[in-house]
Asks: 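Handing you a structure now.
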Amino acid sequence: MRKYNPKLIEKKWQKYWEKNKTFEVKDDATKEKFYSLIEFPYPSGEGLHVGHPRPFTAMDVISRKKRMEGKNVLFPIGFDSFGLPTENYAIKTGKPPAEVTKKNIANFTRQLKMLGYSFDWSRAIDTSNPKYYKWTQWLFLQFFKHGLAYKKNQPINWCPKDKIGLANEEVVNGCCERCGTPVEKRNKEQWMLAITKYADKLLAGLKNVDYIERARVQQENWIGKSEGAEIVFSLRMIPGQADDKHSVTVFTTRPDTIFGATFVAVSAELAKKWLEVGWQASEEVKKYIDNILARRRASREEDLEKTGIAAGITAINPANKKEIPVWITNYVLGDVGTGAIMAVPADDDRDREFAEKYNLPIIANYSKAGFEDFGKKVIRYKLRDWVFSRQRYWGEPIPLVNCLHCGGWVPLPENELPLKLPKVAKYQPTDMGESPLATMEKWVNTKCPQCGGPAKRETDTMPNWAGSSWYFLRYADPHNDKQFASQEKLKYWMPVDWYNGGMEHVVLHLLYSRFWNIFLHDIGLVPVSEPYAKRTAHGLILAKGGEKMSKSKGNVVNPDEVVAKYGADTLRTYIMFMGPFDQAVEWDENGLVGVKRFLDKVWNLQEKIAPKIEKINLKLQTLLHQTIQKVGEDIEAMRFNTAISALMVLVNEMFKQEILLPTHYSPLLKLLSPFAPHLAEELWSVLGYKKTLVFESWPEYNLELTKESMVTLAVQINGKVRDEIIVAAETSEEEIKKLALASEKVKKWLEGKEPKKIIYVKGKLVSIVV
RNA sequence: GCCCGGGUGGCGGAAUUGGUAGACGCACAGGACUUAAAAUCCUGCGGCUUCGGCCAUGCGGGUUCGAUUCCCGCCCCGGGCACCA
């Protein structure tokens, strides 16, 4: 027997799979499909680190099991290759992003193949490839044609370091999510996608899918639906004098507190609008308003100290007709609700804090008022429309031209797609904050596809979210150059049956891609409304010490080194064994040793195989059936760590045997194959099989055979374990109670006292109460 | 502040319709094999103990024959949201 040599056998089986196209999947309508999906990686220059294989291996394990269960499994891979790091690298070095990306993808591909994943490489996609982004552009035009893409001049978050407009989602605590620089506000014409029109569908759709609880809750919070009433308060510009001309609308979720409203609080933004339409406020008030607005423009971090100023006007509470003051405050925000509230200090902590500071009355007075009694019922969402343009080079060009003659934006016809990214000399955005495309006059100045007259191209590009918003559709039909994907193929493959990814993507990527899919479903281009039937999420792999792995901290572990030292199967199995899949774990190289020893044992077991044996080992048979049951159930529940520990228990038991039946060894290899596929294939061939193990049937267990013939029962007295008895499984309750009472230890503890009660829990214990 | 997770040996972690706490693995200790070492194999491994037991799953109570598990009140760690009216 040779020694277990991962280097040799892993290369061998990877070649075999590639040559035999083992994992290339056909659209076979006679077979039940299973679509398992990972979040496709961004091909960074650093290559894979050991965090990547966690979700990949998990879904590979599931995909391999499904194949053995006879499913037609689509397990695709691709690269989300538009993105800032490559562009920043281009700015620094002048190297074209397309070239750098090509190199990085080659490196990622090598590493992923080295790990033995059962991806269908024939379907690999790359979002920055014009053949792919042709359809990203085409899909964007569908939004445009349906009025869901529009341009809007609005203050945007601006990162002065990256020189890029950021979506609200990319701003963390007032700073750029990528580089940490404090974000400024700037006015820019931006392409927007009207995701708010889909707020209700995005919310309702969550009821029909099986998402990990945390993901569902985070999506719901982000959409942020709240039911409330809009109530009109008429204003008196001169207190005490009714004029019936002016009013303010407030939003409240608690109209029943209206009798306790003692002032109206207005945001600086709304007050500014009043000034613009002729409100004559005092200089002091104007100064206050400008001051608040300036602070908000500078930073998203708001003052936590509440301030305000009496506006010098009053409002009439429609419930009790009382005249109450209007205050302009910093704690009411212009972009929330109507930008004005009725303040009820008796009920609301913030209103109370403000009222106490400025000595405003606090009145507790609740009514049975409903939403419609003093106003009209409205439903509000926190969700905002999606800023869909970036003033950058490395993204999909937006396929629109501006034509004065035609009166605005004209989409490119399909035969002019893809609109390719032109080569530019410099990748740096202009000082005006425009994409470098804006400097390409020849490219910018074009003909209007509608009227043939002179027109200018849009120079913004799409955000990095664009390509990943529909990639799961492309996998169904990746080489189609007539459509983004054919209806027939989408019908067969969609929805994704199981999508696993990081918690960091459960809000934005998931929401955006669901939005695209629901929209495409609405216009008849996609057969299902919800793209993902099931969504799970993995925990991060942290560096030793609990920190995130990052290049700057120099604590990144490269899988190349681990594979060179231990082999891919050990790395895969160890990553699955480390800890609970949905929790963060620290990388610890020591743990690899134990898994390598385990795989060595499996390898060495082949020495014990004896085809002819007289007596069946019943104990081992029972353990085998228990293991088959546990491993199967654990994989389905992503409890990979306990699945592997069950396999270790089985292998340890087999190791104690003098001889081993092939009928026991081969199911072990099948159970192990999703985790350590190369080793399993090799040993499978040692057993004399000529074909791959990949499509062999997943072992089944017999429930009767999982039951042990003898069981050990604990005997408790007043809840404390005092003895154990071993009985045949079929022993009657009465007999067991007798046996328990007959125990010497029990007699000693009873000291002659009569038991009050005897509780028997089948297969577990006997509890005697005295 | 609100919403999710989580807290168990030296370490990673098992155990859930309440039923023998510490599976499996690492590290460590002793032994076998070896001239020796590595590798491998065997044994031990929560703490205390007068060797009868006692104490232990973040802390304090409660329910129960029995609580890591359920209830009440707290503390700490991780993540998300946040003057959202």
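So you know, we letter chains A, B, ... as the sequences are listed, proteins then strands, and number each from 1.
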Asks: Between N330(A) and Y288(A), is any side-chain donor less than 3.5 angstrom from a side-chain acceptor?
Replies: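 No - no donor-acceptor pair under 3.5 Å links their side chains.
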Asks: Under 4.0 Å: is that the gap between some side-chain N or O of N221(A) and OP1 or OP2 of C4(B)?
Replies: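 No, outside the criterion.
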Asks: Using OP1 and OP2 only, check whether a side-chain N or O of R380(A) sits under 4.0 Å from A85(B).
Replies: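 Answer yes for this pair, as a side-chain N or O of R380(A) is under 4.0 Å from OP1 or OP2.
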Asks: Determine the Euclidean distance between corresponding P atoms of G13(B) and G58(B); express it in Å to zero decimal places.
Replies: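 Those two atoms are separated by 14 Å.
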Asks: With E724(A), which residues qualify under salt bridge (Lys or Arg N to Asp or Glu O under 4.0 Å), at least two apart?
Replies: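 Result, salt bridge (Lys or Arg N to Asp or Glu O under 4.0 Å) vs E724(A): none returned.
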Asks: Name the pairs: protein N/O against N/O of nucleotides 65-67 of chain B, kept only if under 3.5 Å.
Replies:
from: C65(B); atom 1: O2'; to: G719(A); atom 2: N; distance (Å): 3.3
from: C65(B); atom 1: O2; to: S767(A); atom 2: OG; distance (Å): 2.7

Asks: Among G19(B), A85(B), U20(B), find the nucleotide with the atom closest to the side chain of V761(A).
Replies: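 In terms of side-chain proximity for V761(A), the closest of G19(B), A85(B), U20(B) is G19(B).
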Asks: Does a nitrogen or oxygen in the side chain of R722(A) sit under 4.0 Å from OP1 or OP2 of G52(B)?
Replies: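 So the side chain of R722(A) is outside the cut-off, no N or O lying under 4.0 Å from OP1 or OP2 of G52(B).
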Asks: Quick one: do E353(A) and K357(A) make a salt bridge, cutoff under 4.0 Å?
Replies: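 No, E353(A) and K357(A) are not salt-bridged.
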Asks: Can you tell me, in whole Å, how much space there is between the C1' of C33(B) and that of C77(B)?
Replies: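 Result for the C1' pair: 48 Å, nearest Å.
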Asks: Could you summarise the pairing of RNA chain B as dot-bracket text, marking Watson-Crick and G-U pairs under 3.5 Å with ( ) or [ ] inside the strand and | across strands?
Replies: (((((((..(((......[....))).(((((.......))))).(((....)))..(((((..]....))))))))))))....
Asks: Could you give the distance separating G66(B) and U20(B) at their C1' atoms, to the nearest angstrom?
Replies: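 Pairwise C1' distance, U20(B) against G66(B), rounds to 11 Å.
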Asks: Determine the Euclidean distance between corresponding C1' atoms of G12(B) and G22(B); express it in Å to zero decimal places.
Replies: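 Going atom to atom, C1' in each nucleotide, I get 13 Å.
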Asks: Considering only atom C1', compute the distance from A67(B) to G53(B) and round it to an integer number of Å.
Replies: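 Rounded to whole Å, the distance is 22 Å.
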Asks: Using atom P of each nucleotide, how far apart are C71(B) and G19(B) to the nearest Å?
Replies: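 Per the computed distance, 15 Å lies between those P atoms.
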Asks: Hey, could you give me the NE2/CG distance between H505(A) and L510(A), rounded to the nearest 0.5 Å?
Replies: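 It is 10.0 Å, given to the nearest 0.5 Å.
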Asks: L510(A) CG to G80(B) P: how many Å, rounded?
Replies: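 Atom-to-atom, L510(A) to G80(B), this comes out as 16 Å.
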Asks: Has N652(A) got a side-chain N or O lying under 4.0 Å from the OP1 or OP2 atom of A23(B)?
Replies: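 Checking A23(B) against N652(A), no side-chain N or O comes under 4.0 Å of OP1 or OP2.
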Asks: Give me the distance, rounded to whole Å, that separates A29(B) from C74(B) when you measure between the P atoms they each carry.
Replies: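 These two P atoms come out 47 Å apart once rounded.
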Asks: Could you measure between the two P atoms, the one in A37(B) and the one in G44(B), and give it in whole Å?
Replies: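 To the nearest whole Å, 24 Å.
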Asks: Is there a donor on the side chain of K382(A) or the base of C84(B) sitting less than 3.5 Å from an acceptor on the other?
Replies: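 In this structure, the two groups form no donor-acceptor pair.
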Asks: Counting just side-chain N and O atoms, does R597(A) come under 4.0 Å of either OP1 or OP2 of U40(B)?
Replies: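 Checking R597(A) against U40(B): at least one side-chain N or O falls below 4.0 Å of OP1 or OP2.
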Asks: Rounding to a whole Å, what distance do you find between N590(A):CG and G10(B):P?
Replies: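 Atom CG in N590(A) sits about 18 Å away from atom P in G10(B).
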